Amino acid sequence: MLRAKITATGSYTPERILSNQDIEKIIDTSDAWITERTGIKERRIAYESQITSDLAYEASLIALKERNIDPLEIDLIIVATVSGDMPFPSTACILQKLLKAKNAVAFDINAACSGFIYAMSIANSFIKTHSFKKVLIVGVEVLSKFLDWSDRTTCILFGDGAGAAILEPSESESGILSTHIYSDGSLWDLIYLPGGGAKHPTSHQTVDNRLHYIKMKGNETFKVAVKTLENLVVETLKVNNLEPAQISLLIPHQANLRIIIATAKRLGIPMNKVFVNIDKYGNTSAASIPIALDEALKQGKIKKDDYILLEAFGAGLTWASALIRW
Ligand code: COA
């Protein structure tokens, strides 16, 4: 059966580190509170001059080099982001220019933290229908530029980064076995950025009212996320006729260590089979899964024929999972 297979990955995070101790100096919070409630110890913050496409470019170059592919061979670029360079054109088109990948079709998708798995799902469908053969998918965010650094309930959570993967057709047993993507727009106001769109076009008033920053109802989001992800991972295994013990590695979206632990517990997967790097990067939204996947691979945590389960939950609301046989 034809399916898509990940043939290379790359990731990039800005060098600038912002620790919990650094944030203690900006707002009323503490390393102890952030660590206990989220598992985050530090996050990466882009320099003023660094923009979303720059991070996407760095991660993409690593993946392309690993596979030894000329950018001209790429026929589709999908960038998952909610913090693109500008409202339009797409960050994917800007990345296409940076890579000189002039034979590619390029577009963005907006599914927040679930974006990378959404992109993987779209790429998988295109590959299965023979529409594209060498697809670059990227999850990238510079959420630091959209954070209200006077709001302790959000600014401690997020970080910047990018992760990329190359997907190609596979006739073998290995590749993406299934993807599962969902949305519930009725809960859009749990996490959103109100300003600068058609609803609240930029004005002095929108700026004065701090509408250009991320707003989140953290505690409500937490509860919905835990319940939704528990059901999602159970369903993903059921569809693939797999038992939890057959999963070699769970790679969850890194939003909150307590959510990750709850999901693993629901599946009965021990934490040594769960990839966690939230302590280093915080929540990098669409970049979180591909950064984690790239790190897991480069740390030798994934071997041929392993079953890998990816899952994410984010603004929209959106949620998504993927089951991969490596
Ligand atoms: N430092 C210190 N205290 C803080 C704080 C901070 N950075 N942020 C909030 N608090 C306080 C609150 O003001 C509140 O105080 P109060 O009880 O006096 O009112 C208290 O801590 C508890 O707040 P609450 O929001 O209930 O905490 P929580 O346990 O839900 O943790 C989050 C907050 C944001 C860490 C957590 O809700 C979360 O991770 N939510 C999900 C995020 C997510 O998954 N997003 C989806 C993907 S983007």
Side-chain angles (χ1 to χ4, degrees), residues 18-43 80-83 109-118 139-161 181-185 187-194 213-233 251-264 266 276-279 281-292 310-321:
L18 188 72
S19 68
N20 291 348
Q21 285 79 5
D22 295 330
I23 297 189
E24 279 177 356
K25 294 180 196 135
I26 311 172
I27 44 160
D28 177 20
T29 189
S30 67
D31 172 45
W33 193 95
I34 300 171
T35 306
E36 189 191 314
R37 298 292 178 115
T38 71
I40 301 165
K41 298 296 285 182
E42 58 188 42
R43 67 287 290 143
T81 187
V82 290
S83 53
I109 60 146
N110 175 335
C113 307
S114 314
F116 186 79
I117 303 180
Y118 267 57
V140 57
E141 306 286 0
V142 284
L143 289 171
S144 64
K145 295 183 198 266
F146 301 90
L147 290 174
D148 184 344
W149 290 97
S150 67
D151 175 9
R152 69 177 183 173
T153 69
T154 52
C155 75
I156 56 145
L157 297 170
F158 298 96
D160 302 335
I181 59 175
Y182 297 97
S183 315
D184 180 0
L187 293 174
W188 68 266
D189 63 347
L190 289 188
I191 319 168
Y192 63 110
L193 193 157
Y213 297 124
I214 293 171
K215 318 283 176 201
M216 183 169 77
K217 294 173 184 154
N219 196 268
E220 276 179 66
T221 307
F222 184 94
K223 288 179 196 147
V224 183
V226 169
K227 198 162 157 270
T228 307
L229 287 171
E230 287 182 355
N231 293 336
L232 177 68
V233 289
I251 302 185
H253 168 49
Q254 313 280 315
N256 187 311
L257 185 58
R258 289 183 294 143
I259 299 178
I260 296 173
I261 291 171
T263 312
R266 174 70 181 82
V276 175
N277 63 6
I278 189 170
D279 51 321
Y281 303 122
N283 180 349
T284 57
S285 190
S288 128
I289 299 256
I291 293 173
L310 313 180
E311 49 89 342
F313 177 92
L317 296 178
T318 59
W319 59 101
S321 64

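Since this is a predicted model, take the numbers as computed values, not measurements. FYI, side chains are in, hydrogens and waters are out, and symmetry mates aren't considered; it's all heavy atoms of this structure. In listed order, ligands and their atoms are each counted from 1.
- The protein heavy atom nearest to atom 42 (C) of ligand 1 is Met216 CE, 3.8 Å.
- From the protein, the heavy atom lying nearest to atom 33 (C) of ligand 1 is Trp33 CH2, 3.9 Å.
- Pro252 has its side chain out of reach of Thr263: every pair of non-hydrogen atoms, C-beta onward, lies at least 4.5 Å apart.
- The parts of Phe222 lying near ligand 1 are both backbone and side chain, judged by heavy-atom distances below 4.0 Å.
- Against a heavy-atom cut-off of under 4.0 Å, Asn219 is close to the following atoms of ligand 1: 26 (O), 28 (P), 30 (O), 37 (O).
- Distances from atom 48 (S) of ligand 1 to the heavy atoms of Gly218, Ala225, Cys113, Cys155 show the closest one on Cys113.
- Each of the atoms 47 (C) of ligand 1 lies under 4.0 Å from some heavy atom of Phe313.
- Protein heavy atom nearest atom 15 (O) of ligand 1, with residue, atom name and distance: Arg152 NH2, 4.4 Å.
- Counting atoms of ligand 1 from 1 in the listed order, those under 4.0 Å from a heavy atom of Ala255 are 44 (O).
- Atom OG1 of Thr38 sits about 7.5 Å away from atom CZ of Arg43, to the nearest 0.5 Å.
- Counting protein heavy atoms only, atom 35 (C) of ligand 1 is closest to Thr38 CG2, 3.6 Å.
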### Task
Would you please test Asp189 and Lys215 for salt bridge (Lys or Arg N to Asp or Glu O under 4.0 Å) and show each step?
CA-CA 8 Å; Asp189 63 347; Lys215 318 283 176 201; over 6 Å; no
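- Contact atoms of ligand 1 toward Thr221: 43 (C), 45 (N), 46 (C) (distance under 4.0 Å to a heavy atom of the residue).
- Contact atoms of ligand 1 toward Asn283: 47 (C), 48 (S) (distance under 4.0 Å to a heavy atom of the residue).
- Distance from atom 44 (O) of ligand 1 to its nearest protein heavy atom, with residue and atom name: Ile259 CD1, 3.4 Å.
- Atom 3 (N) of ligand 1 is flagged as protein-proximal [any protein heavy atom, distance under 4.0 Å].
- Residues Glu141 and Thr81 bring a donor and an acceptor atom of their side chains to less than 3.5 Å of each other.
- Thr29 OG1, 2.6 Å is the protein heavy atom nearest to atom 1 (N) of ligand 1.
- Counting only heavy atoms from C-beta outward, the side chains of Glu24 and Ile34 never approach each other to under 4.5 Å.
- Ile34 does not count as a contact of ligand 1, since none of its heavy atoms falls under 4.0 Å from the ligand.
- Atoms of ligand 1 found under 4.0 Å from any heavy atom of Arg37, numbered from 1 in the order shown, are 22 (C), 27 (O), 28 (P), 29 (O).
- Among Ile191, Asn20, Asp28, Thr153, the residue whose heavy atom sits closest to atom 46 (C) of ligand 1 is Ile191.
- Using a 4.0 Å threshold on non-hydrogen atoms, atom 19 (O) of ligand 1 does not count as touching the protein.
- Interface atoms of ligand 1 facing Asn256, defined by a heavy-atom separation under 4.0 Å, are 35 (C), 36 (C), 38 (C), 39 (O).
- Counting only heavy atoms from C-beta outward, the side chains of Ile23 and Leu18 approach each other to under 4.5 Å.
- Side-chain contact between Trp33 and Ile156 is present, with heavy atoms from C-beta onward closer than 4.5 Å.
- Closest to atom 34 (C) of ligand 1, if we only count protein heavy atoms, is Leu157 CD1, 3.9 Å.
- Expressed to the nearest 0.5 Å, how far CZ of Phe116 lies from CD1 of Ile291 amounts to 10.5 Å.
- No side-chain heavy atom of Thr284 sits under 4.5 Å from any side-chain heavy atom of Leu143.
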### Query
Passes salt bridge (Lys or Arg N to Asp or Glu O under 4.0 Å), Lys41 versus Asp31? Steps please.
CA-CA 7 Å; Lys41 298 296 285 182; Asp31 172 45; 3.3 Å; yes
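- For ligand 1, the polar-atom distance check finds no N/O of His253 at less than 3.5 Å from any of the ligand's N/O atoms.
- Rounding to the nearest 0.5 Å places CD1 of Ile259 at 11.0 Å from CD of Gln254.
- Taking 4.5 Å as the limit, every side-chain heavy atom of Asn256 sits out of range of all side-chain heavy atoms of Leu157.
- Residue contacts with ligand 1, taken as heavy atom pairs separated by less than 4.0 Å, do not involve Ile27 at all.
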### Step-by-step side chain to side chain donor-acceptor pair (under 3.5 Å) determination, Lys227 to Asn231
CA-CA 7 Å; Lys227 198 162 157 270; Asn231 293 336; over 6 Å; no
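- Counting protein heavy atoms only, atom 31 (O) of ligand 1 is closest to Arg258 NH2, 3.6 Å.
- For the ring-ring contact (aromatic ring centres under 6.0 Å, His included) test, no residue two or more places apart in sequence or in another chain qualifies with Tyr213.
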